[in-house]
Participant: 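Handing you this structure, nothing more for now.
Numbering starts at 1 and runs along the sequence shown. No hydrogens, no waters, no symmetry mates; every other heavy atom, side chains included, goes into these values.
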Amino acid sequence: MERLRQDDPSHVGPYVVLARLDADSAERTVPERRYLGRTADGERTVLVCVPRVGADPSRWAVEAEGARRLSVPGFLGIAEVGGTAGFPYYGAPYTPALPLPAVLAAYGGPLPEDTVRRLGAALAQALAAAHAQGVTHAGLSPAAVLVTPGGPLLTCVGAVRAAAPDGVPRAGLPGLDPGCLAVEEASGGRPGPLGDVFALGAVLAYASTGHTVPEQSELPPGLRRLVGSCLSSDPAVRPQSAREVLRELVSPAGGAGGAHPQAGEAYPPAGTVLDHTAVPLPGRVVAALAAQSAALLAAELPAPQQPFASPQKVH
């Protein structure tokens, strides 16, 4: 939860803007402007998002509306898309949430390997559910991961498409982390599930090292092979599905728990026998989430301005 700046809106739709979600240091790789807001009557608190300055608002609104229509476990549930053609927004019910970069800042550095594995398993499970519905996230990055007490939520769906003026993704687009853009997408290819697998590898690398393009030696030994294969420039070398990444992350050898199948047995389908959405968080991260919730609860709405009264004429 960050202080508002002079260039931030005071209102978005029916909501009074109280604070920014993202720190200034993360702004370069956040594909939209994200705020915490409240209705004027104080009844509802929301996460409300608007396009980046300079972005195409109509293209952004198309992706926001597409995300609103999704029903994918592990994706942020968007309650409304509104605004005008020049200033659209979307809103979601507030729950205490920290973007992944803020999680590392609260923890004081890269996360423990077990936490990274559990976080990655939850994200892989969400992506597998989306891909099963024919949905590509096309915007996964550290900033797109919101860590909540109930598990991570994926946001910024379609950011790769929305950032491109002509709808064709490429490297160097504002708001996109270049380390999360697969080679085939950076060269103008259509986003697909294997691009999501690449971006998931970059998120795992970030959670483990603090950046999305690490040296192999920086990664925990237990994650080097998996992350390295996810980040391959050749899509054929990557894990061929998010479910495959999930299986690697929850194997006993990886330490994230779960029953490893014996020879001839099949893995249980993700999200049935095993549910990987719950991610135990380090105490410092829990404290940061609690501090955000307390600060937002204490935030006061601006006093309504009184209409200017002209002085009465005295006879």
Participant: Quick check: does any side chain N or O of S229 sit under 3.5 Å from a backbone N or O of L226, one acting as donor and the other as acceptor?
Facilitator: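 Judged by distance alone, yes, a pair lies under 3.5 Å.
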Participant: Is the closest side-chain heavy-atom distance between S10 and V17 below 4.5 Å?
Facilitator: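 No, every pair of side-chain atoms sits at 4.5 Å or beyond.
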Participant: Quick one, R117 with E113, criterion salt bridge (charged side-chain N to carboxylate O under 4.0 Å, His left out). Give me CA distance, side-chain angles, the key distance, then yes/no.
Facilitator: CA-CA 6 Å; R117 283 185 169 273; E113 180 178 343; 3.2 Å; yes
Participant: For residues W60 and Y89, establish whether the separation of their ring centroids is below 6.0 Å.
Facilitator: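 For W60 and Y89, the ring centres are not under 6.0 Å apart.
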Participant: Does E215, at its CD atom, have more than 12 non-hydrogen atoms belonging to other residues, nucleotides or ligands within less than 6.0 Å?
Facilitator: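 Atom CD in E215 is not crowded, with 12 or fewer foreign heavy atoms closer than 6.0 Å.
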Participant: Is R284 close enough and on-axis enough to Y107, meaning under 6.0 Å and within 45°, for cation-pi?
Facilitator: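 Yes - R284 lies over the ring of Y107, closer than 6.0 Å to its centre and within 45° of its axis.
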Participant: Kindly compute the distance separating CZ (R243) from CD (E248), expressed to the nearest 0.5 Å.
Facilitator: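 Answer for the CZ-CD pair, R243 versus E248, is 14.5 Å.
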Participant: Which residues, ordered by chain and number, are linked to L297 in its hydrophobic cluster, where ILVMFWY side chains connect at heavy-atom gaps below 4.5 Å, directly or through other members?
Facilitator: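 The other cluster members (ILVMFWY side chains, heavy atoms under 4.5 Å, direct or chained): none.
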Participant: Stepwise, does the side-chain contact (heavy atoms from CB on, under 4.5 Å) test hold for L127 with V197?
Facilitator: CA-CA 9 Å; L127 289 175; V197 169; over 6 Å; no
Participant: Looking at every non-hydrogen atom in both residues, tell me the closest pair between L200 and A124 and how far apart they are.
Facilitator: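 So the two residues come closest at CD2-CB, 3.9 Å.
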Participant: Is there a donor-acceptor contact under 3.5 Å linking the side chains of E63 and Y90?
Facilitator: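 E63 vs Y90: no donor-acceptor pair found between side chains.
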Participant: What is the minimum heavy-atom distance between V157 and A67, and which atoms define it?
Facilitator: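 In terms of heavy atoms, the two residues are closest at CB-CB, 4.1 Å.
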Participant: Nearest 0.5 angstrom please: R28 CZ to R52 CZ, how far?
Facilitator: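 Between R28 CZ and R52 CZ, I get 9.5 Å after rounding to 0.5 Å.
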Participant: Transitively linked via ILVMFWY side-chain contacts under 4.5 Å: L21 with V30?
Facilitator: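 The answer is no; the residues belong to distinct hydrophobic clusters.
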Participant: Do V50 and P88 touch side chain to side chain, with heavy atoms closer than 4.5 Å?
Facilitator: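 A side-chain contact under 4.5 Å is absent here.
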Participant: Would you kindly say whether T155 and R34 are connected by a side-chain donor-acceptor distance under 3.5 Å?
Facilitator: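 Distance-only check passes for T155 and R34.
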Participant: May I have the step-by-step check of side-chain contact (heavy atoms from CB on, under 4.5 Å) for L18 and L301, ending in yes or no?
Facilitator: CA-CA 8 Å; L18 300 175; L301 292 170; 4.0 Å; yes
Participant: Hey, are the side chains of H131 and V135 touching, using non-hydrogen atoms and a 4.5 Å cut-off?
Facilitator: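 In short, these two side chains do not touch, never coming nearer than 4.5 Å.
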Participant: Would you name the heavy atoms of V203 and P142 that are closest together and state the gap between them?
Facilitator: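 Shortest heavy-atom separation between V203 and P142 comes out as CG2-N, 3.8 Å.
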Participant: Please name all residues satisfying ring pair (Phe, Tyr, Trp, His ring centres under 6.0 Å) with F75, sequence neighbours left out, ordered by chain then number.
Facilitator: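 Applying ring pair (Phe, Tyr, Trp, His ring centres under 6.0 Å) to F75 gives H137.
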Participant: Given the rule that I, L, V, M, F, W and Y join up when any side-chain heavy atoms are under 4.5 Å apart, are L223 and V237 in one cluster?
Facilitator: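 Each belongs to a different hydrophobic cluster.
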Participant: Does Q125 reach the main-chain N or O of A242 with its side chain, forming a donor-acceptor pair under 3.5 Å?
Facilitator: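 No: the side chain of Q125 does not pair with the backbone of A242.
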Participant: If every non-hydrogen atom of A159 is compared with every non-hydrogen atom of L176, which pair is closest and at what distance?
Facilitator: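 The answer is O-CD2, 3.9 Å.
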Participant: Per the side-chain contact (heavy atoms from CB on, under 4.5 Å) rule, which among V245, L204, T209 passes with V227?
Facilitator: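 By the side-chain contact (heavy atoms from CB on, under 4.5 Å) criterion, V227 pairs with just one of V245, L204, T209: L204.
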Participant: With no hydrogens and no angle check, is any side-chain donor or acceptor of S141 less than 3.5 Å from a backbone partner on C180?
Facilitator: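 Answer holds: no.
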Participant: Please answer whether the main-chain N or O of V81 pairs with a side-chain N or O of E65 as donor and acceptor at a distance below 3.5 Å.
Facilitator: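 No; judged by distance alone, with no hydrogens or angles, the pair does not exist.
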Participant: Do D24 and R5 sit within salt-bridge range, that is, some charged N less than 4.0 Å from a carboxylate O?
Facilitator: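 A salt bridge links D24 with R5.
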Participant: Hey, could you give me the CD/CG distance between E2 and L36, rounded to the nearest 0.5 Å?
Facilitator: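 E2 atom CD to L36 atom CG measures 10.0 Å (nearest 0.5 Å).
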Participant: Side chains of L4 and R20, heavy atoms from C-beta outward: is any pair under 4.5 Å?
Facilitator: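 With C-beta onward as the side chain, the pair touches.
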Participant: How about L98 and T148: do any of their side-chain heavy atoms sit closer than 4.5 Å?
Facilitator: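 Side chain of L98 against side chain of T148, heavy atoms only: no contact under 4.5 Å found.
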Participant: Is C49 close to L47 at the side-chain level, that is, under 4.5 Å between some pair of heavy atoms?
Facilitator: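 Answer yes - side chains close enough.
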Participant: Ignoring hydrogens, what is the shortest heavy-atom contact between P110 and S208? Give both atom names and the distance.
Facilitator: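 The pair with the smallest heavy-atom distance is CB-O, 3.0 Å.
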Participant: If we count only N and O atoms by modelled type, under 3.5 Å, do the side chains of S58 and D56 hold a donor and an acceptor together?
Facilitator: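 Result is yes, a qualifying pair exists.
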Participant: Shortest non-hydrogen contact from Y35 to P9?
Facilitator: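 Closest pair (atom of Y35, atom of P9, distance): OH-CD, 3.3 Å.
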Participant: Would you say the side-chain atoms of R33 pair up with the backbone N or O of P51, donor to acceptor, closer than 3.5 Å?
Facilitator: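 Judged by distance alone, yes, a pair lies under 3.5 Å.
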Participant: Are L70 and L123 in one and the same hydrophobic cluster, where Ile, Leu, Val, Met, Phe, Trp and Tyr link if side-chain heavy atoms are under 4.5 Å apart?
Facilitator: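 Linked within one cluster.
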Participant: Measuring only between side-chain heavy atoms, which start at C-beta, is L281 closer than 4.5 Å to V103?
Facilitator: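 Contact flag for L281/V103 side chains = no.
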Participant: Is it the case that the side chain of T136 and the backbone of A138 share a donor-acceptor pair, with hydrogens and angles ignored and the cut-off at 3.5 Å?
Facilitator: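 No, because the side chain of T136 does not come within donor-acceptor range (under 3.5 Å) of the backbone of A138.
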Participant: Nearest 0.5 Å, please: how far is CG in L146 from OG1 in T95?
Facilitator: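 Here the rounded value is 10.0 Å.
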Participant: Just do the salt bridge (charged side-chain N to carboxylate O under 4.0 Å, His left out) check on E244 and R247 with the steps written out, would you?
Facilitator: CA-CA 5 Å; E244 187 176 332; R247 291 169 180 169; over 6 Å; no
Participant: Please examine the side chains of V147 and V145, heavy atoms only from C-beta on, and report whether any two atoms are closer than 4.5 Å.
Facilitator: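 A side-chain contact under 4.5 Å exists here.
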Participant: Mind checking the CG-OG spacing from D196 to S241? Nearest 0.5 Å is all I need.
Facilitator: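 Answer for the CG-OG pair, D196 versus S241, is 12.0 Å.
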Participant: Do we see a donor-acceptor contact under 3.5 Å between the side chains of R44 and Y94?
Facilitator: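 No pair is found: no donor N or O on one side chain lies under 3.5 Å from an acceptor on the other.
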Participant: Report whether L76 and Y15 are members of the same hydrophobic cluster (ILVMFWY, side-chain heavy atoms less than 4.5 Å apart, transitive linking).
Facilitator: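 As far as the 4.5 Å side-chain criterion goes, Y15 and L76 are not connected within one cluster.
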Participant: Nearest 0.5 Å, what's the CE-CG distance between M1 and L289?
Facilitator: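 So the gap between those two atoms works out to 13.0 Å.
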Participant: Let's go through V46 and T39 carefully: what are the C-alpha distance in whole Å and the side-chain angles of both, what is the deciding distance for side-chain contact (heavy atoms from CB on, under 4.5 Å) to 0.1 Å, and is it a yes or a no?
Facilitator: CA-CA 8 Å; V46 297; T39 52; over 6 Å; no
Participant: Can you pull out every side-chain hydrogen bond (donor to acceptor under 3.5 Å, both in side chains) where at least one residue sits in residues 173-184? Sequence neighbours excluded, please.
Facilitator: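 For residues 173-184, and leaving out neighbouring residues, the side-chain hydrogen bond (donor to acceptor under 3.5 Å, both in side chains) pairs sorted by first residue read D177-T212, E184-R238.
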Participant: Let me check something: do V48 and L153 share a hydrophobic cluster, defined by ILVMFWY side-chain heavy atoms less than 4.5 Å apart, either directly or through other members?
Facilitator: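 Different clusters: V48 never reaches L153 through Ile, Leu, Val, Met, Phe, Trp or Tyr contacts under 4.5 Å.
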